[in-house]
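Chain letters run A, B, ... following the sequence lines, proteins first and then strands; every chain starts at 1.
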Amino acid sequence: NAGVTQTPKFRVLKTGQSMTLLCAQDMNHEYMYWYRQDPGMGLKLIYYSVGAGITDKGEVPNGYNVSRSTTEDFPLRLLSAAPSQTSVYFCASSLETLALFGGAGELFFGEGSRLTVL
Amino acid sequence: AQSVTQLDSQVPVFEEAPVELRCNYSSSVSVYLFWYVQYPNQGLQLLLKYLSGSTLVKGINGFEAEFNKSQTSFHLRKPSVHISDTAEYFCAVRPKAAGNKLTFGGGTRVLVKP
């Protein structure tokens with residue numbers, strides 16, 4: 001099982017460039033998330049989606065954009081890269097209907113995309 | 001809103017010694033509690049979770065955690081660590097209402113020494 005797949009794993013950008021981080025999941029999960037991880041700061045939520053066509057901002061959305069045209073895919077766009085966006089980015093998904101039946105919607109994470117902006 | 005504080009950023013420990021990682025949270029609503037582990041250069045994976053019932057929760061790889069509602073804590077323990085437990089550990093909470101998102105602590109890096 002592939003689970004959550006992120007590409008690329010590594011990327012170096014120059015300030016002002018744009019790029020898209022790809023995320024795909026094959027578990028038919030409704031919810032998908034993008035987090036960034038900075039040393040000592042834990043994970044901060046950038047954007048999330050509760051289903052195809054529905055997205056919403058998290059804690060740190062500035063400088064990013066997302067779309068969700070299918071259940072499987074949730075790309076993250078950096079509009080004009082800045083050094084402050086140097087980070088490790090994680091995509092995750094969860095089956096939220098579990099929460100309606102006493103579950104807790106465990107998150108499944110990809111392996112991360114390490115981005116450096118010079 | 002919720003917040004999670006992991007009181008130790010780094011914990012060095014010798015192999016076969018016990019380890020405890022501390023986690024305190026703040027929330028105005030009832031929450032689910034989680035511990036995730038991140039091995040070097042990998043994504044996060046679930047270690048254990050507390051939903052309800054018994055306050056002592058057992059997870060994978062011999063880890064357990066105890067929920068203390070009065071102290072709003074969810075400390076993680078392992079009685080005897082292995083080299084392979086070297087990783088970063090994250091405590092997280094989410095409101096019980098469906099559709100809400102996880103809030104993570106800052107992480108605790110565990111380095112197991114031989």
Side-chain angles (χ1 to χ4, degrees), chain A residues 1-7 9-10 21 23 25 29-51 54-61 88-114, chain B residues 1-11 21 23-25 27 29-53 57 59-60 65 67 74 87-109:
Chain A
N1 290 338
V4 179
T5 303
Q6 292 183 233
T7 53
K9 286 187 168 44
F10 302 93
L21 299 176
C23 175
Q25 54 95 5
H29 285 173
E30 310 113 319
Y31 280 47
M32 295 187 75
Y33 313 80
W34 274 106
Y35 287 89
R36 61 177 287 172
Q37 182 183 26
D38 300 300
M41 303 297 290
L43 280 77
K44 300 293 185 187
L45 183 64
I46 306 170
Y47 271 95
Y48 68 103
S49 168
V50 303
I54 306 169
T55 63
D56 205 353
K57 296 177 181 178
E59 300 173 75
V60 289
V88 182
Y89 292 84
F90 287 98
C91 179
S93 70
S94 67
L95 188 62
E96 284 302 308
T97 48
L98 280 176
L100 301 175
F101 299 96
E106 171 191 349
L107 264 63
F108 292 82
F109 285 83
E111 294 192 343
S113 297
R114 185 175 296 275
Chain B
Q2 295 75 46
S3 66
V4 179
T5 302
Q6 291 182 241
L7 297 163
D8 306 294
S9 59
Q10 293 188 70
V11 174
L21 307 184
C23 172
N24 288 90
Y25 70 93
S27 177
V29 299
S30 295
V31 295
Y32 297 128
L33 296 135
F34 304 82
W35 276 97
Y36 282 82
V37 60
Q38 183 181 28
Y39 298 106
N41 300 314
Q42 294 187 24
L44 281 71
Q45 56 184 281
L46 184 68
L47 204 53
L48 50 77
K49 60 187 176 186
Y50 173 77
L51 305 184
S52 64
V57 179
I60 61 172
F67 170 55
F74 190 52
E88 190 156 18
Y89 294 80
F90 292 93
C91 182
V93 303
R94 60 163 286 178
K96 288 187 175 180
N100 283 283
K101 304 161 291 296
L102 281 179
T103 299
F104 286 88
T108 297
R109 193 173 297 275

Check: Should the pair B:Tyr50 and B:Phe74 be assigned to parallel (<30°), tilted (30 to 60°) or perpendicular (>60°) ring geometry?
Finding: tilted

Notebook entry, point to check: Does the side chain of B:Tyr36 reach to within under 4.5 Å of the side chain of B:Leu102, using non-hydrogen atoms?
Noted result: yes

Check: Where does A:Leu43 contact chain B at under 4.5 Å (heavy atoms): side chain, backbone, both or neither?
Finding: both

Next item on the list: Pick out which of A:Thr7, A:Leu21, A:Val88 makes a side-chain contact (heavy atoms from CB on, under 4.5 Å) with A:Ser113.
Entry: A:Leu21

Item checked: Heavy-atom proximity to chain A below 4.5 Å, by part of B:Glu88 -> side chain

Note to self: Taking the side chain as everything from C-beta on, heavy atoms only, tell me whether B:Leu7 gets closer than 4.5 Å to B:Asn24.
What the structure shows: yes

Next item on the list: Could you look at A:Tyr35 and say if it's the side chain, the backbone, both or neither that has a heavy atom under 4.5 Å from chain B?
Entry: side chain

Checklist line | Parallel, tilted or perpendicular, as decided by the 30° and 60° cut-offs, for the rings of A:Tyr48 and A:Tyr33 | finding: parallel

Margin query: Need one label for A:Gln37: side chain, backbone, both or neither, based on atoms under 4.5 Å from any heavy atom in chain B.
Written below: side chain

Checklist line | Contact origin within B:Gln38 toward chain A - heavy atom pairs under 4.5 Å | finding: side chain

